[in-house]
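Values below: every heavy atom of this structure, side chains too, minus hydrogens, waters and symmetry copies. None of these values were measured; they are calculated from a predicted model.
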Amino acid sequence: MITAKWFKQEKNLLVALAIAVVAYIGEHSVLEMGQGAAMLAAAALIATIVLASMRVAHHAETLAVKVGDPYGTMILTLSAVAVEVIMLAIMMSGESSPTLVRDTIYAAVMLDINGILGLAALLGGLKHGEQPYNDDSSRTYGVMILTAMGISMIVPEFIPDAKWHYYSAFTIAAMIALYALFLRMQVGRHSYFFSYSYPRTEKKLAVADAEEHHEEESTTTSIVTILIGVVLIGVLAEFMSAFMDTGLKGTGAPPAIAAIVVAAISAAPEILTALRAALRNRMQATVNIALGASLSTVILTVPVMEAIALYTGQPFIMAMSPVQTVMVMITLIVAAINLNDGETNAIEGMTHFILFATFIMLTALGL
C-alpha cells in the first residue's frame, strides 16, 4: 500500500505530478510566448514522461521478476504499449498528422528490433561472445510480426477509400484473434517457446540479483503505482502534444518527429532492461522484450486506434510508404536469418544497429 516510504521512493512520480500541475496552470501563457517557449516546454515534458515511464517499467519489472518468464516479459511489454496507446490517442485528438499512428508503429519496430536488440546483441556479444536463447521464440515472434504488419500496414494501400471502414473492422477482428491465440500459446502449452534454461549457477545469480532489488515491494503497491503512473503519463502527454504542435509548426521538421518521440518514450524503460539482460548473458529476456514489444505494439495498438477511427468516423493513413515497407522487409529478413540458430553475436547485433542508423538517417531526410 501507499506509505511514507512509497512517497520517498516515488519522488519521480511526485515531480511529474507537480510538473503536470504547472503545465495545467501555465499552458496558455507558454503558448502565447511563441514557438521557442513551446518547444522548451515540450522538451521538459518529454523528459518528465520518460522519468514517469521508468517508474512504471520498474514496477512492471518487479511483477515480472515475481511471476517469471514468459509472464514477466509480457507484463513489461504490455506496460510499454499501454503508455504508447494512451499517448497516441491523446495526440490524435489534436492537430496531429494523419500518419502519426502508422509512423509510430513503424518507428517502434525499428527501435525495438534494430535499436534495442541490435545494441544489446552487439554489447552482449563483445562481452560474452555467442549468447544462447530459445530460437522457437524468435521464429514465433518473427512470423507474427510479419503477419500483423502485412495485414494492418501493407494491405491497406490497396483498400479503396470508400471501403476503409469494412477493412478497419476486419483488421480489429484479425488482430484480436492473432493476439488471443498468441497469448494462449505464450502462457499455455507452448510457454517453453519463450524461456531458456540457463546454467544453474547463472540462474541463481540472476534470481538473487532480482530479489535484492524487488523483495521489499509488494504486488499491490506495484499495481497501484503502475496505474497512477499511466494516468499521469496520459495527462502529461496531452500538454506535451499541445506544446509540440505549436513548437514544430512551420519549422519544416520531418513529420515523423512526433512518432519517434512517442516510440522512444514508450521504449525507454525497455532499452535499459534489455541491455542489462544482455550484459548478464541472459539473451532470452532481451529477445522476448525486443520482439515482444514489436509484436505488442502492432497487434495491440492497431485495433485500439482503428476502433477510435471507426467511432469518430475519421480514418487515418495506416499503409506504410514504400521506404518504410522496404525497411521493414529488410529488418524482418535479417532478423529471420540472424535469429534462426539459437545464438546471437556481435556481428548480428551490428547488422541490426546499422539498420537502425539507416532508419534515423532516412527520417532526418524526411523519408
Side-chain angles (χ1 to χ4, degrees), residues 78 81-113 143-183 234 237-238 241-242 244-245 248-249 254-263 266 293-332 359 362-363 366-367:
L78 288 178
V81 171
V83 170
E84 183 173 88
V85 168
I86 289 173
M87 291 182 64
L88 278 175
I90 291 172
M91 294 178 73
M92 286 298 293
S93 65
E95 299 178 8
S96 59
S97 166
T99 63
L100 177 63
V101 175
R102 177 200 75 182
D103 292 342
T104 299
I105 295 174
Y106 166 68
V109 170
M110 292 295 105
L111 181 58
D112 290 330
I113 299 179
V143 72
M144 291 285 287
I145 293 170
L146 178 58
T147 301
M149 294 197 76
I151 290 172
S152 62
M153 301 180 70
I154 296 178
V155 174
E157 176 67 27
F158 308 100
I159 303 300
D161 292 341
K163 298 181 179 180
W164 73 270
H165 48 289
Y166 296 115
Y167 192 76
S168 182
F170 166 78
T171 301
I172 294 172
M175 294 299 105
I176 292 174
L178 279 172
Y179 190 68
L181 179 59
F182 174 76
L183 195 60
E238 184 169 3
S241 177
M244 186 174 291
D245 286 343
L248 293 178
K249 188 174 296 183
I257 289 294
I260 292 178
V261 168
V262 175
S266 63
S294 293
L295 177 60
S296 297
T297 295
V298 182
I299 215 167
L300 295 179
T301 303
V302 168
V304 172
M305 301 311 297
E306 291 283 10
I308 292 175
L310 286 174
Y311 177 76
T312 60
Q314 297 294 323
F316 42 80
I317 300 172
M318 282 300 297
M320 290 188 293
S321 68
V323 171
Q324 291 174 334
T325 302
V326 169
M327 284 297 295
V328 167
M329 289 298 103
I330 293 174
T331 294
L332 294 179
F359 156 70
L362 292 173
T363 302
L367 299 175

Going by heavy atoms in the side chains, are [X] and [Y] under 4.5 Å from each other?
X	Y	result
Met318	Glu306	yes
Leu332	Ile145	yes
Gln324	Asp103	yes
Val328	Met110	yes
His165	Leu310	yes
Val298	Met144	no
Phe316	Leu100	no

Please round to the nearest 0.5 Å and tell me the distance separating atom [atom1] of [X] and atom [atom2] of [Y].
X	Y	atom1	atom2	result
Met149	Thr297	CE	OG1	9.5 Å
Ser321	Met153	OG	CE	9.5 Å
Ser294	Ile105	OG	CD1	11.0 Å
Trp164	Thr171	CH2	OG1	10.5 Å
Leu295	Asp112	CG	CG	10.5 Å
Ser152	Tyr167	OG	OH	7.5 Å

Check: Ile308 main-chain N/O paired with Thr312 side-chain donor or acceptor under 3.5 Å: yes

Sidechain-backbone polar pair: Arg102 side chain, Met320 backbone, donor-acceptor under 3.5 Å: no

Of all the heavy-atom pairs spanning [X] and [Y], show the shortest one and how long it is.
X	Y	value
Ile151	Pro156	O-CD, 3.4 Å
Leu178	Thr147	CD1-CG2, 4.2 Å
Pro315	Ala309	CA-CB, 4.3 Å

Trace of the side-chain contact (heavy atoms from CB on, under 4.5 Å) decision for Ile154 with Met329: CA-CA 11 Å; Ile154 296 178; Met329 289 298 103; 4.0 Å; yes

With Ala107 via side-chain contact (heavy atoms from CB on, under 4.5 Å) - residues at least two apart: Ile260, Ala263, Phe359

Residues that Ile330 engages under side-chain contact (heavy atoms from CB on, under 4.5 Å), provided they are two or more places apart: Val326, Val334, Leu355

Qualifying residues under side chain to side chain donor-acceptor pair (under 3.5 Å), relative to Thr325, sequence neighbours excluded: none

